[in-house]
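Structure first, then comments.
Any value given below was found using the heavy atoms of this structure, including those in side chains, with hydrogens, waters and symmetry copies removed.
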Amino acid sequence: VRVPPAFPLPRTMQPSTHLALALTLIIAVPTCEAAASSRVISVHRQATARAVGSAPRGASLVPACRRRSSAVAALSPQATRDSKSEEDALRRRRRYINLTGFPFPLGPLFERATIRTEVKRDRVWSFEQEQSLGFGDGATIAANARMTVVRLESGGLWVLNPVAPTRECLDLLEELGGPVEHVVLGTTQYEHKVFVPAFSRRFPRAQVWVAPDQWAFPLDLPLPLLGLAGAKVLDDRARAPSMPSWARELPFSILRPHRRLGLGYAAVEVAFGHLATRSLLVTDSLLFVPRDPPEVLSRDNLRGLGEPGNIVSKLAAATNWRGEGDLIRKADAADAERGTSDAVALRRGWQRNAVLSLFFGPAPDAIAEPTAAFNAISGRWLVGPVCSQLIYSSEPVRAQLRGWISDIAGGKLGRFDTIIPAHFAARRGTPTDVRRAFAPVIDVRAMSSVSPLAALEAALPVPGPRGVSSATALSREGYREGDVKLLADIGSALRVLRVI
């Protein structure tokens, strides 16, 4: 494989792994989540000394390359060159090439910043990178993806759902001290397993553990061809001698439907409880959308999404989304006439980004002005719309879901006061929050039977009026019905066709 010198292929990304991934279109089910909230739990942000510099524990640390931008005009020519050199060095430390993904490559394609946050003092850390789909600032929908690192009683490190092993990420991990002893994949979703092979090769002495039923489409490749040779499969029903040594500190429970869904899709997720810090670790099942955007997300992109005339509003208006193109155009024109400050653009851009990433095709008024839709999903623990409508609404999954939630909220994983998911915010959360979030999903009655043609017609995102009874009425899960309609219609079609 020949790569231009400006973008050297990381030695962790071997051609064999790329071949396996190139042969495999792995369907990702994206959800989103973000940085730990320092207003609720004690969070101490840390970063590499070279990138950020030292600061007292608890201080707000913004990456140096961002802080420098406001002062660069005052620098001398030599200082400007030095600053440029430092920024180039930081970009090299963040370089990582990823051109795989379905249906589009999972960005960023060439470099990824890493933000490390201490969630539980000297025991649990969050490493966040951006995941995105788009075409540049103002035209990209992004989410934070979290790798969680736990210090075991042995002093070694236990890593859940690795992110891209950039030089910056590895340096931040090395600063914690202690060897990486275990690398764990707690799901079957592409966006979380794509970096496991490259990451684990950086730590050849670490044991890799993966959730059962890892799958790929159209070729359901075995673990070695997915870059996971030597990995052991987690089994929460195994006898004590066969359980991982770390299970005494991190008991776990697996959501594993008795059969796979359509196209071989395996809806598997593992929940872990860290007994010493009373923390619950999950991947995609729960999320908490914070009022403010995660630090790792590009502010320029979010401001671009919040500006009048942004590409999302233009496309929705041009396609006359649900027959409300005029509504979107008028709202955009009114915003342009009033003018938009950077603060307002950032707030609206984050809200629009969150709503689009969770619902894919929200109600037209949510695209025009996302505040109401954002308020309906933010500030509380909930089950993400994609999981709720496309995974947990499946009968094979719901048959196992009640027992899994009972394990989590009933004490099998220990008591917890903090929930750390793979997206959005890691923050205070209790068994009551888990039960409340899942209650409408577990108790949902069987879906009414509809003809395959009617279900497919409802699911297709065809422009024009779609007969939404009330865009602002709330669904069982607390989403606005108009926002979740597209996912609900797709879910209905997939159930009728017995895909899920």
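Between the CG atom of Asn353 and the CG atom of Leu297 there is a distance of 6.5 Å, given to the nearest 0.5 Å. Between the CD atom of Gln189 and the CG atom of Asn161 there is a distance of 10.5 Å, given to the nearest 0.5 Å. The CG atom of Leu346 lies 6.0 Å from the CG atom of Leu302; values are rounded to the nearest 0.5 Å. To the nearest 0.5 Å, the span separating NZ on Lys193 from OG1 on Thr187 amounts to 8.0 Å. Taken from NZ in Lys120 to NE2 in His274, the straight-line distance is 10.0 Å, to the nearest 0.5 Å. Rounded to the nearest 0.5 Å, atoms CD1 (Ile141) and OG (Ser132) are 9.5 Å apart.
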message: The test is side chain to side chain contact (heavy atoms under 4.5 Å, CB included); show your working for Arg201 and Phe199 and say whether it passes.
response: CA-CA 5 Å; Arg201 280 194 294 273; Phe199 187 94; over 6 Å; no
Side chain to side chain donor-acceptor pair (under 3.5 Å) assessment of Thr188 paired with Gln214: CA-CA 5 Å; Thr188 56; Gln214 294 297 324; 5.6 Å; no
- prompt: After noting the C-alpha distance and the side-chain angles of Val282 and Leu280, does the key distance pass the side chain to side chain contact (heavy atoms under 4.5 Å, CB included) rule?
  reply: CA-CA 7 Å; Val282 294; Leu280 172 68; 4.0 Å; yes
query: Can you list the steps and then say if Ser298 with Glu130 is a side chain to side chain donor-acceptor pair (under 3.5 Å)?
result: CA-CA 8 Å; Ser298 165; Glu130 180 180 304; 5.6 Å; no
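Considering only heavy atoms from C-beta on, Leu185 comes within 4.5 Å of His192 through its side chain. Between Trp158 and Leu281, some side-chain heavy-atom pair lies under the 4.5 Å cut-off. Contact of the Phe416 side chain with the Ile419 side chain is registered, since non-hydrogen atoms from C-beta on lie closer than 4.5 Å. Contact annotation: the side chain of Val434 approaches that of Leu286 to within less than 4.5 Å [non-hydrogen atoms, C-beta and beyond]. Taking the side chain as every heavy atom from C-beta outward, Lys412 and Pro251 never approach each other to under 4.5 Å. Counting only heavy atoms from C-beta outward, the side chains of Leu176 and Val149 approach each other to under 4.5 Å.
Considering only residues two or more places apart in sequence or on other chains, Arg303 meets the salt bridge (charged side-chain N to carboxylate O under 4.0 Å, His left out) condition with Asp300. For Glu249, the side chain to side chain contact (heavy atoms under 4.5 Å, CB included) criterion is met by Arg123, Leu152, Glu153, not counting sequence neighbours. By the ring pair (Phe, Tyr, Trp, His ring centres under 6.0 Å) test, Phe127 pairs with no residue at all, sequence neighbours left out. Remark: Thr148 engages no residue in a side-chain hydrogen bond (donor to acceptor under 3.5 Å, both in side chains) (not counting sequence neighbours). Listed by chain and residue number, Tyr96 satisfy the ring pair (Phe, Tyr, Trp, His ring centres under 6.0 Å) test with Phe195 (two or more places apart in sequence, or in another chain). For Arg380, there are no salt bridge (charged side-chain N to carboxylate O under 4.0 Å, His left out) partners two or more places apart in sequence or in a different chain. Evaluation of the ring pair (Phe, Tyr, Trp, His ring centres under 6.0 Å) rule for Trp404 yields no partner, not counting sequence neighbours. Here Thr430 pairs with Arg428, Thr432, Asp433 under the side chain to side chain contact (heavy atoms under 4.5 Å, CB included) rule; sequence neighbours left out. For Gln129, the side chain to side chain contact (heavy atoms under 4.5 Å, CB included) criterion is met by Arg112, Thr114, Val163, Ala164, Thr166, Cys169, not counting sequence neighbours. Looking at residues two or more places apart in sequence or on another chain, you find no salt bridge (charged side-chain N to carboxylate O under 4.0 Å, His left out) involving Asp137. A search for side chain to side chain contact (heavy atoms under 4.5 Å, CB included) contacts involving Arg278 returns Arg415, Asp417, not counting sequence neighbours.
The two residues Gly155 and Pro179 make their nearest non-hydrogen contact at O-CD, 4.4 Å. Across all their heavy atoms, Pro212 and Arg256 have their closest contact at CB-CZ, 3.6 Å. Shown here for Asp213 and Ala266, the closest heavy-atom pair between the two residues is O-CB, 3.2 Å. Taking both residues in full, the closest heavy atoms of Ile420 and Ser279 are given as CD1-CB, 4.2 Å, listed atom of the first, atom of the second, then distance. For the pair Ser245 and His182, the tightest heavy-atom approach, listed with the atom from each and the gap, is OG-NE2, 4.0 Å. Scanning both residues, Gly414 and Leu275, for their nearest heavy atoms gives CA-CD2, 3.7 Å.
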Residues 224-238, side-chain donor-acceptor partners within the protein, below 3.5 Å, at least two apart:
unit_1, atom_1, unit_2, atom_2, d
Asp235, OD1, Arg237, N, 2.9
Asp236, OD2, Ile254, N, 2.9

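The pair Glu128-Arg116 does not meet the salt-bridge criterion, since no charged nitrogen lies less than 4.0 angstrom from a carboxylate oxygen. Under a 4.0 Å N-O distance rule, the pair Arg92/Asp88 does not qualify as a salt bridge. The existence of a salt bridge linking Glu111 and Arg95 is excluded, since no basic side-chain nitrogen approaches an acidic carboxylate oxygen closer than 4.0 Å.
With hydrogens and angles left out, the side-chain atoms of Gln351 and Thr371 include a donor and acceptor closer than 3.5 Å. Glu477 and Tyr392 form no side-chain donor-acceptor contact under 3.5 Å, judged by distance and modelled atom types alone. Using a 3.5 Å distance cut-off with no hydrogens or angles, the side chains of Tyr190 and Thr100 do pair a donor with an acceptor.
Phe438 has its ring centre no less than 6.0 Å from the ring centre of Trp381. Ring-centre distance between Phe359 and Tyr479: below the 6.0 Å cut-off.
A donor-acceptor pair under 3.5 Å is absent between the side-chain atoms of Arg151 and the main chain of Leu157, judged by distance alone.
In this structure, Leu170 places its CG atom where more than 12 heavy-atom neighbours from other residues, nucleotides or ligands lie under 6.0 Å away.
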